[in-house]
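The chains referred to below are lettered A, B, ... by the order of the sequence lines, with proteins before strands, and numbering in each begins at 1.
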Amino acid sequence: MKIDKKNISQKESITIKYFHKHTSKNFGIVSYTGEVGFDRTINQPNLHRPGLALAGFVKLFSYDRIQIFGNTEISYLNSLPIEKRKIIFENIFEFNIPCIVITNGVMPFPELIELALKKGIPIFGSSLDTTKISYLIVDFLDDVFANKLSVHASFVDVYGIGMLFVGKSGIGKSEVALDLVERGHRLVADDVVILTKKGEGILMGTGTSLGSHFMEIRGIGIIDVRSMFGVRAIRFQKRLEVIVELEVWDPNQAYTRTGLDITNIQIINVDIPIIKLPILPGKNITVVAEVIALNYLLKHYGYDAAKVLSENIQKKMERPEDFDISNVNYFEHDFE
Amino acid sequence: MIEKNVEIINKAGLHTRPAATIVKIASQFESDFYIMKDGFSINGKSIIGVMTLAAAKGSVIKLTFEGEDEVKMSDAIIDYFNRGFDEL
(Lines give C-alpha, C1' and ligand atoms only; values in the text may rest on other atoms or scores of the structure.)
Protein backbone atom coordinates (compact mmCIF):
# COMPACT_ATOMS: atom_id res chain seq x y z
CA MET A 1 0.00 0.00 0.00
CA LYS A 2 1.32 3.37 -0.99
CA ILE A 3 0.69 6.32 1.29
CA ASP A 4 1.02 9.58 -0.53
CA LYS A 5 2.04 12.45 1.75
CA LYS A 6 0.28 14.95 -0.46
CA ASN A 7 -3.04 13.24 0.28
CA ILE A 8 -2.72 14.28 3.91
CA SER A 9 -4.51 17.50 4.66
CA GLN A 10 -5.07 19.62 7.69
CA LYS A 11 -7.43 22.49 8.45
CA GLU A 12 -5.59 25.72 9.20
CA SER A 13 -8.48 27.59 10.74
CA ILE A 14 -12.17 27.34 11.45
CA THR A 15 -14.70 30.13 11.76
CA ILE A 16 -16.52 30.92 14.98
CA LYS A 17 -19.70 30.04 13.10
CA TYR A 18 -18.41 26.51 12.52
CA PHE A 19 -17.23 26.28 16.15
CA HIS A 20 -20.60 27.42 17.46
CA LYS A 21 -22.60 25.15 15.15
CA HIS A 22 -20.82 22.04 16.38
CA THR A 23 -20.25 22.90 20.04
CA SER A 24 -23.84 24.06 20.52
CA LYS A 25 -25.11 20.79 19.06
CA ASN A 26 -22.68 18.53 20.89
CA PHE A 27 -21.98 20.25 24.23
CA GLY A 28 -24.83 22.76 24.54
CA ILE A 29 -22.70 25.90 24.27
CA VAL A 30 -24.87 29.03 23.97
CA SER A 31 -24.06 32.41 22.49
CA TYR A 32 -24.73 35.54 24.59
CA THR A 33 -23.89 37.84 21.71
CA GLY A 34 -26.09 36.43 18.94
CA GLU A 35 -24.15 35.96 15.75
CA VAL A 36 -21.71 38.79 16.39
CA GLY A 37 -18.18 37.97 15.29
CA PHE A 38 -19.15 34.68 13.62
CA ASP A 39 -16.68 35.34 10.81
CA ARG A 40 -13.70 35.46 13.19
CA THR A 41 -11.38 32.49 13.02
CA ILE A 42 -9.81 30.02 15.45
CA ASN A 43 -6.33 29.00 14.34
CA GLN A 44 -5.20 26.55 16.97
CA PRO A 45 -6.61 23.73 19.06
CA ASN A 46 -5.62 25.18 22.46
CA LEU A 47 -7.40 27.04 25.22
CA HIS A 48 -6.24 29.76 27.57
CA ARG A 49 -7.24 30.72 31.11
CA PRO A 50 -6.62 34.47 31.13
CA GLY A 51 -6.42 34.86 34.92
CA LEU A 52 -3.08 36.68 34.88
CA ALA A 53 -4.01 38.77 31.87
CA LEU A 54 -7.12 39.97 33.73
CA ALA A 55 -4.90 40.93 36.65
CA GLY A 56 -2.80 43.02 34.30
CA PHE A 57 0.07 40.74 33.34
CA VAL A 58 -0.21 40.48 29.54
CA LYS A 59 3.39 39.71 28.69
CA LEU A 60 2.71 36.06 27.85
CA PHE A 61 -0.98 36.42 27.07
CA SER A 62 -1.93 33.69 24.56
CA TYR A 63 -4.65 35.92 23.16
CA ASP A 64 -5.06 33.96 19.90
CA ARG A 65 -6.60 31.00 21.73
CA ILE A 66 -10.15 30.53 22.93
CA GLN A 67 -10.34 32.27 26.33
CA ILE A 68 -11.98 30.33 29.16
CA PHE A 69 -13.52 32.26 32.07
CA GLY A 70 -13.82 29.76 34.90
CA ASN A 71 -14.60 30.20 38.60
CA THR A 72 -11.19 31.79 39.25
CA GLU A 73 -11.63 34.52 36.65
CA ILE A 74 -15.25 35.18 37.58
CA SER A 75 -14.59 35.42 41.35
CA TYR A 76 -11.65 37.74 40.73
CA LEU A 77 -13.76 39.99 38.48
CA ASN A 78 -16.61 39.88 41.00
CA SER A 79 -14.27 41.17 43.70
CA LEU A 80 -13.62 44.34 41.71
CA PRO A 81 -15.73 47.49 41.38
CA ILE A 82 -17.54 47.82 38.05
CA GLU A 83 -15.30 50.69 36.84
CA LYS A 84 -12.18 48.58 37.31
CA ARG A 85 -13.81 45.67 35.48
CA LYS A 86 -14.61 47.88 32.51
CA ILE A 87 -10.95 48.90 32.24
CA ILE A 88 -9.85 45.27 32.41
CA PHE A 89 -12.26 44.22 29.66
CA GLU A 90 -11.11 47.08 27.49
CA ASN A 91 -7.50 46.03 27.99
CA ILE A 92 -8.32 42.43 27.09
CA PHE A 93 -10.24 43.41 24.00
CA GLU A 94 -7.22 45.33 22.74
CA PHE A 95 -5.95 41.88 21.79
CA ASN A 96 -7.37 40.01 18.83
CA ILE A 97 -9.01 37.18 20.81
CA PRO A 98 -11.21 34.70 18.90
CA CYS A 99 -13.93 34.31 21.55
CA ILE A 100 -14.62 33.88 25.26
CA VAL A 101 -16.31 30.88 26.87
CA ILE A 102 -17.76 31.35 30.36
CA THR A 103 -18.21 28.09 32.25
CA ASN A 104 -20.40 26.85 35.15
CA GLY A 105 -23.47 28.53 33.65
CA VAL A 106 -22.41 31.92 35.04
CA MET A 107 -24.22 34.82 33.35
CA PRO A 108 -21.75 37.26 31.83
CA PHE A 109 -21.37 40.79 33.22
CA PRO A 110 -23.60 43.25 31.27
CA GLU A 111 -20.58 45.53 30.71
CA LEU A 112 -18.69 42.59 29.17
CA ILE A 113 -21.54 41.88 26.73
CA GLU A 114 -21.84 45.56 25.86
CA LEU A 115 -18.15 45.87 25.04
CA ALA A 116 -18.05 42.51 23.22
CA LEU A 117 -20.91 43.60 20.95
CA LYS A 118 -19.08 46.82 20.24
CA LYS A 119 -15.81 45.05 19.44
CA GLY A 120 -17.47 42.14 17.63
CA ILE A 121 -16.06 39.42 19.87
CA PRO A 122 -18.42 36.53 20.64
CA ILE A 123 -19.14 35.51 24.23
CA PHE A 124 -20.25 31.92 24.73
CA GLY A 125 -21.47 30.16 27.83
CA SER A 126 -21.59 26.58 29.05
CA SER A 127 -23.39 25.09 32.03
CA LEU A 128 -20.62 22.50 32.44
CA ASP A 129 -17.72 23.03 34.83
CA THR A 130 -14.40 24.34 33.53
CA THR A 131 -12.50 21.04 33.48
CA LYS A 132 -15.26 19.21 31.65
CA ILE A 133 -15.97 21.83 28.98
CA SER A 134 -12.26 22.52 28.46
CA TYR A 135 -11.71 18.82 27.82
CA LEU A 136 -14.63 18.67 25.38
CA ILE A 137 -13.58 21.77 23.45
CA VAL A 138 -9.95 20.64 23.18
CA ASP A 139 -11.08 17.17 22.08
CA PHE A 140 -13.33 18.74 19.43
CA LEU A 141 -10.61 21.13 18.21
CA ASP A 142 -8.07 18.28 18.12
CA ASP A 143 -10.31 16.36 15.72
CA VAL A 144 -11.02 19.41 13.58
CA PHE A 145 -7.34 20.35 13.29
CA ALA A 146 -6.13 16.73 13.01
CA ASN A 147 -4.26 15.38 10.02
CA LYS A 148 -6.67 13.78 7.61
CA LEU A 149 -5.86 11.34 4.86
CA SER A 150 -8.18 10.30 2.05
CA VAL A 151 -7.61 6.81 0.71
CA HIS A 152 -9.15 4.86 -2.13
CA ALA A 153 -10.45 1.84 -0.25
CA SER A 154 -13.44 0.06 1.26
CA PHE A 155 -13.95 0.26 5.00
CA VAL A 156 -16.05 -2.35 6.79
CA ASP A 157 -16.73 -3.21 10.42
CA VAL A 158 -16.23 -7.00 10.57
CA TYR A 159 -17.23 -8.45 13.97
CA GLY A 160 -16.36 -5.06 15.48
CA ILE A 161 -12.93 -4.87 13.81
CA GLY A 162 -12.40 -1.90 11.49
CA MET A 163 -11.05 -3.46 8.32
CA LEU A 164 -9.78 -1.41 5.41
CA PHE A 165 -9.56 -3.09 2.00
CA VAL A 166 -7.03 -1.53 -0.32
CA GLY A 167 -5.74 -2.55 -3.74
CA LYS A 168 -5.72 -1.55 -7.35
CA SER A 169 -8.81 -0.29 -9.14
CA GLY A 170 -11.04 -3.14 -10.21
CA ILE A 171 -9.53 -5.83 -7.99
CA GLY A 172 -12.81 -6.26 -6.14
CA LYS A 173 -12.66 -4.19 -2.95
CA SER A 174 -16.30 -3.11 -3.27
CA GLU A 175 -17.44 -6.65 -4.05
CA VAL A 176 -15.76 -7.96 -0.88
CA ALA A 177 -17.39 -5.14 1.10
CA LEU A 178 -20.79 -5.95 -0.41
CA ASP A 179 -20.36 -9.63 0.36
CA LEU A 180 -19.48 -8.78 3.97
CA VAL A 181 -22.54 -6.54 4.26
CA GLU A 182 -24.67 -9.39 2.94
CA ARG A 183 -23.27 -11.57 5.72
CA GLY A 184 -24.35 -9.07 8.36
CA HIS A 185 -21.28 -6.86 8.71
CA ARG A 186 -21.43 -3.09 8.52
CA LEU A 187 -20.18 -0.78 5.82
CA VAL A 188 -18.51 2.46 6.92
CA ALA A 189 -17.46 3.83 3.53
CA ASP A 190 -16.62 2.71 0.04
CA ASP A 191 -14.30 4.24 -2.55
CA VAL A 192 -13.30 7.32 -0.54
CA VAL A 193 -12.37 6.74 3.09
CA ILE A 194 -11.18 9.63 5.23
CA LEU A 195 -8.83 8.68 8.04
CA THR A 196 -8.41 11.08 10.94
CA LYS A 197 -5.82 10.79 13.66
CA LYS A 198 -7.54 10.75 17.02
CA GLY A 199 -5.31 11.22 20.03
CA GLU A 200 -2.15 9.15 19.97
CA GLY A 201 -2.14 5.89 18.08
CA ILE A 202 -5.73 5.84 16.92
CA LEU A 203 -7.05 6.36 13.41
CA MET A 204 -10.75 6.88 12.86
CA GLY A 205 -12.28 6.24 9.46
CA THR A 206 -15.40 7.70 7.92
CA GLY A 207 -16.86 8.43 4.49
CA THR A 208 -17.34 11.75 2.78
CA SER A 209 -20.39 13.80 3.64
CA LEU A 210 -21.82 13.16 0.16
CA GLY A 211 -21.03 9.60 -0.75
CA SER A 212 -20.96 7.80 2.57
CA HIS A 213 -22.89 4.63 1.87
CA PHE A 214 -23.07 4.70 -1.88
CA MET A 215 -21.16 2.06 -3.72
CA GLU A 216 -20.26 1.36 -7.29
CA ILE A 217 -20.44 -2.25 -8.42
CA ARG A 218 -19.01 -2.95 -11.86
CA GLY A 219 -21.77 -4.01 -14.19
CA ILE A 220 -24.59 -2.70 -12.02
CA GLY A 221 -23.67 0.90 -11.31
CA ILE A 222 -24.35 2.86 -8.17
CA ILE A 223 -26.23 1.33 -5.27
CA ASP A 224 -27.17 2.76 -1.88
CA VAL A 225 -26.29 0.23 0.80
CA ARG A 226 -28.29 2.03 3.47
CA SER A 227 -31.61 1.92 1.64
CA MET A 228 -30.95 -1.54 0.22
CA PHE A 229 -29.81 -3.37 3.36
CA GLY A 230 -31.15 -1.06 6.05
CA VAL A 231 -29.59 0.76 8.91
CA ARG A 232 -28.09 -2.40 10.42
CA ALA A 233 -25.75 -2.63 7.42
CA ILE A 234 -24.00 0.68 7.95
CA ARG A 235 -22.14 2.76 10.46
CA PHE A 236 -20.72 6.26 10.23
CA GLN A 237 -17.37 5.92 11.95
CA LYS A 238 -15.03 3.16 13.03
CA ARG A 239 -11.54 2.86 14.41
CA LEU A 240 -9.15 1.44 11.82
CA GLU A 241 -7.59 -1.77 13.14
CA VAL A 242 -6.44 -3.91 10.22
CA ILE A 243 -5.58 -3.19 6.60
CA VAL A 244 -6.12 -5.94 4.05
CA GLU A 245 -4.31 -5.40 0.79
CA LEU A 246 -5.81 -7.33 -2.10
CA GLU A 247 -3.51 -8.13 -4.99
CA VAL A 248 -3.24 -10.47 -7.90
CA TRP A 249 -1.21 -13.49 -6.79
CA ASP A 250 2.43 -12.94 -7.57
CA PRO A 251 4.52 -16.15 -7.53
CA ASN A 252 7.66 -14.14 -6.77
CA GLN A 253 6.23 -12.66 -3.60
CA ALA A 254 6.47 -14.48 -0.26
CA TYR A 255 3.13 -14.40 1.51
CA THR A 256 2.78 -14.82 5.26
CA ARG A 257 2.34 -18.48 6.17
CA THR A 258 2.60 -18.62 9.98
CA GLY A 259 1.43 -15.21 11.10
CA LEU A 260 4.15 -15.07 13.77
CA ASP A 261 5.50 -11.82 12.40
CA ILE A 262 3.19 -8.89 11.90
CA THR A 263 3.87 -6.32 9.21
CA ASN A 264 2.86 -2.79 10.10
CA ILE A 265 2.33 0.21 7.90
CA GLN A 266 2.63 3.73 9.22
CA ILE A 267 -0.24 6.07 8.42
CA ILE A 268 -0.08 9.59 9.83
CA ASN A 269 2.40 8.27 12.44
CA VAL A 270 0.12 5.45 13.56
CA ASP A 271 1.21 1.82 13.09
CA ILE A 272 -1.53 -0.36 11.62
CA PRO A 273 -1.07 -4.08 10.85
CA ILE A 274 -1.32 -4.85 7.15
CA ILE A 275 -2.09 -8.24 5.63
CA LYS A 276 -1.31 -8.94 2.00
CA LEU A 277 -3.95 -11.19 0.53
CA PRO A 278 -3.34 -12.76 -2.85
CA ILE A 279 -6.44 -13.30 -4.99
CA LEU A 280 -6.59 -16.86 -6.29
CA PRO A 281 -9.30 -18.85 -8.08
CA GLY A 282 -11.53 -20.55 -5.57
CA LYS A 283 -10.47 -18.33 -2.71
CA ASN A 284 -13.34 -16.82 -0.75
CA ILE A 285 -11.98 -13.45 0.34
CA THR A 286 -15.06 -12.70 2.45
CA VAL A 287 -14.57 -15.75 4.63
CA VAL A 288 -10.85 -15.03 4.87
CA ALA A 289 -11.70 -11.46 5.93
CA GLU A 290 -13.98 -12.77 8.67
CA VAL A 291 -11.22 -15.09 9.84
CA ILE A 292 -8.74 -12.21 9.89
CA ALA A 293 -11.15 -10.28 12.12
CA LEU A 294 -11.72 -13.24 14.44
CA ASN A 295 -8.00 -13.91 14.64
CA TYR A 296 -7.41 -10.25 15.48
CA LEU A 297 -10.01 -10.52 18.25
CA LEU A 298 -8.39 -13.69 19.62
CA LYS A 299 -5.00 -11.99 19.64
CA HIS A 300 -6.52 -8.94 21.27
CA TYR A 301 -7.84 -11.13 24.08
CA GLY A 302 -4.50 -12.85 24.47
CA TYR A 303 -4.69 -15.96 22.28
CA ASP A 304 -2.25 -16.12 19.40
CA ALA A 305 -2.77 -19.37 17.46
CA ALA A 306 0.62 -19.23 15.73
CA LYS A 307 2.38 -18.71 19.05
CA VAL A 308 0.46 -21.50 20.81
CA LEU A 309 1.31 -24.00 18.08
CA SER A 310 4.91 -22.88 18.10
CA GLU A 311 5.09 -23.30 21.90
CA ASN A 312 3.54 -26.79 21.67
CA ILE A 313 6.21 -27.80 19.19
CA GLN A 314 8.88 -26.39 21.47
CA LYS A 315 7.56 -28.40 24.43
CA LYS A 316 7.47 -31.64 22.44
CA MET A 317 11.00 -31.09 21.31
CA GLU A 318 12.16 -30.63 24.88
CA ARG A 319 10.60 -33.96 25.91
CA PRO A 320 11.03 -36.25 22.88
CA GLU A 321 10.19 -39.37 24.95
CA ASP A 322 6.53 -38.20 25.10
CA PHE A 323 6.46 -37.45 21.39
CA ASP A 324 3.69 -39.15 19.40
CA ILE A 325 2.92 -38.15 15.85
CA SER A 326 -0.76 -39.09 16.04
CA ASN A 327 -3.17 -37.20 18.29
CA VAL A 328 -5.10 -40.34 19.33
CA ASN A 329 -3.45 -43.74 19.61
CA TYR A 330 -6.14 -45.83 21.28
CA PHE A 331 -9.53 -45.30 19.60
CA GLU A 332 -11.70 -46.67 22.44
CA HIS A 333 -14.13 -48.47 20.08
CA ASP A 334 -15.40 -45.16 18.82
CA PHE A 335 -15.61 -46.13 15.15
CA GLU A 336 -17.22 -42.98 13.79
CA MET B 1 4.61 12.97 -12.63
CA ILE B 2 2.39 15.49 -14.39
CA GLU B 3 0.45 18.09 -12.42
CA LYS B 4 -2.09 20.42 -13.94
CA ASN B 5 -4.81 22.75 -12.68
CA VAL B 6 -8.03 22.73 -14.68
CA GLU B 7 -11.20 24.75 -14.42
CA ILE B 8 -14.69 23.35 -14.74
CA ILE B 9 -16.25 25.34 -17.59
CA ASN B 10 -19.57 23.68 -18.38
CA LYS B 11 -22.75 24.98 -16.79
CA ALA B 12 -23.81 21.82 -14.95
CA GLY B 13 -20.39 21.23 -13.41
CA LEU B 14 -18.78 17.86 -12.81
CA HIS B 15 -21.99 15.85 -12.44
CA THR B 16 -22.66 12.12 -12.73
CA ARG B 17 -22.19 11.61 -16.46
CA PRO B 18 -18.92 13.48 -16.90
CA ALA B 19 -17.67 11.76 -13.74
CA ALA B 20 -18.45 8.38 -15.28
CA THR B 21 -16.71 9.38 -18.51
CA ILE B 22 -13.60 10.61 -16.68
CA VAL B 23 -13.37 7.32 -14.81
CA LYS B 24 -13.90 5.44 -18.07
CA ILE B 25 -11.10 7.34 -19.81
CA ALA B 26 -8.80 6.98 -16.79
CA SER B 27 -9.38 3.23 -16.58
CA GLN B 28 -7.98 2.78 -20.09
CA PHE B 29 -4.56 3.76 -18.76
CA GLU B 30 -2.22 2.14 -16.29
CA SER B 31 -0.97 5.29 -14.54
CA ASP B 32 -2.27 6.57 -11.22
CA PHE B 33 -4.62 9.52 -11.51
CA TYR B 34 -5.57 11.75 -8.60
CA ILE B 35 -7.89 14.73 -8.41
CA MET B 36 -7.38 17.28 -5.68
CA LYS B 37 -9.96 19.78 -4.52
CA ASP B 38 -10.14 21.75 -1.25
CA GLY B 39 -7.05 19.96 0.04
CA PHE B 40 -8.63 16.56 -0.46
CA SER B 41 -7.31 14.11 -2.95
CA ILE B 42 -9.34 11.30 -4.47
CA ASN B 43 -8.54 8.51 -6.90
CA GLY B 44 -9.63 9.49 -10.42
CA LYS B 45 -10.49 5.89 -11.19
CA SER B 46 -13.19 5.76 -8.52
CA ILE B 47 -16.56 6.98 -9.72
CA ILE B 48 -18.00 7.68 -6.27
CA GLY B 49 -14.87 9.67 -5.47
CA VAL B 50 -15.02 11.79 -8.61
CA MET B 51 -18.74 12.43 -8.13
CA THR B 52 -18.47 13.41 -4.50
CA LEU B 53 -16.02 16.17 -5.38
CA ALA B 54 -19.20 18.06 -6.33
CA ALA B 55 -17.10 20.44 -8.44
CA ALA B 56 -19.38 23.21 -9.69
CA LYS B 57 -18.80 25.53 -12.64
CA GLY B 58 -15.82 27.78 -12.06
CA SER B 59 -14.09 25.59 -9.50
CA VAL B 60 -10.44 24.79 -10.10
CA ILE B 61 -9.17 21.31 -9.40
CA LYS B 62 -5.70 19.86 -9.57
CA LEU B 63 -5.01 16.73 -11.59
CA THR B 64 -1.95 14.55 -11.05
CA PHE B 65 -0.85 11.69 -13.27
CA GLU B 66 1.90 9.29 -12.39
CA GLY B 67 3.05 6.21 -14.25
CA GLU B 68 4.38 4.91 -17.52
CA ASP B 69 1.60 6.19 -19.78
CA GLU B 70 1.07 9.43 -17.84
CA VAL B 71 1.54 11.65 -20.90
CA LYS B 72 -1.10 9.92 -22.99
CA MET B 73 -3.43 9.74 -20.01
CA SER B 74 -3.10 13.40 -19.09
CA ASP B 75 -3.65 14.42 -22.73
CA ALA B 76 -6.88 12.44 -22.93
CA ILE B 77 -8.25 13.64 -19.57
CA ILE B 78 -7.24 17.29 -19.89
CA ASP B 79 -8.70 17.39 -23.38
CA TYR B 80 -12.03 16.15 -21.98
CA PHE B 81 -11.97 18.88 -19.32
CA ASN B 82 -11.13 21.54 -21.90
CA ARG B 83 -14.03 20.41 -24.07
CA GLY B 84 -16.32 21.21 -21.13
CA PHE B 85 -17.28 17.53 -20.99
CA ASP B 86 -18.79 17.96 -24.47
CA GLU B 87 -21.58 19.99 -22.92
CA LEU B 88 -20.66 23.45 -24.15
Take atom [atom1] in [X]; do more than 12 heavy atoms of anything else shown fall under 6.0 Å from it?
X: B:E7; atom1: CD; answer: yes
X: B:K37; atom1: NZ; answer: yes
X: B:R17; atom1: CZ; answer: no
X: A:R40; atom1: CZ; answer: yes
X: A:K283; atom1: NZ; answer: yes
X: A:E12; atom1: CD; answer: no
X: A:E200; atom1: CD; answer: no

Quiz prompt | Backbone of B:S41 reached by a side-chain donor or acceptor of A:S150 within 3.5 Å | solution = yes

Quiz item: Using non-hydrogen atoms only, which part of B:D38 is less than 4.5 Å away from chain A: side chain, backbone, both, or neither?
Solution: neither

Exercise. Starting from the C-alpha separation in whole Å, work towards a yes-or-no answer on side chain to side chain contact (heavy atoms under 4.5 Å, CB included) for A:I222 and B:M51.
Key: CA-CA 11 Å; A:I222 290 158; B:M51 272 163 44; 3.6 Å; yes

Distance, nearest 0.5 Å, that separates [atom1] of [X] from [atom2] of [Y]:
X: B:F40; Y: A:T208; atom1: CZ; atom2: OG1; result: 9.0 Å
X: B:I47; Y: A:S174; atom1: CD1; atom2: OG; result: 11.5 Å
X: A:D191; Y: B:T52; atom1: CG; atom2: OG1; result: 8.0 Å
X: A:H152; Y: B:D32; atom1: NE2; atom2: CG; result: 10.5 Å

Quiz prompt | Toward chain B, the part of A:K148 with a non-hydrogen atom under 4.5 Å | solution = side chain

Quiz item: Side chain, backbone, both or neither: which part of A:S169 has a heavy atom under 4.5 Å from chain B?
Solution: side chain

Quiz item: Nearest heavy-atom pair of A:R218 and B:K45: which atoms, and what distance?
Solution: NH2-O, 4.3 Å

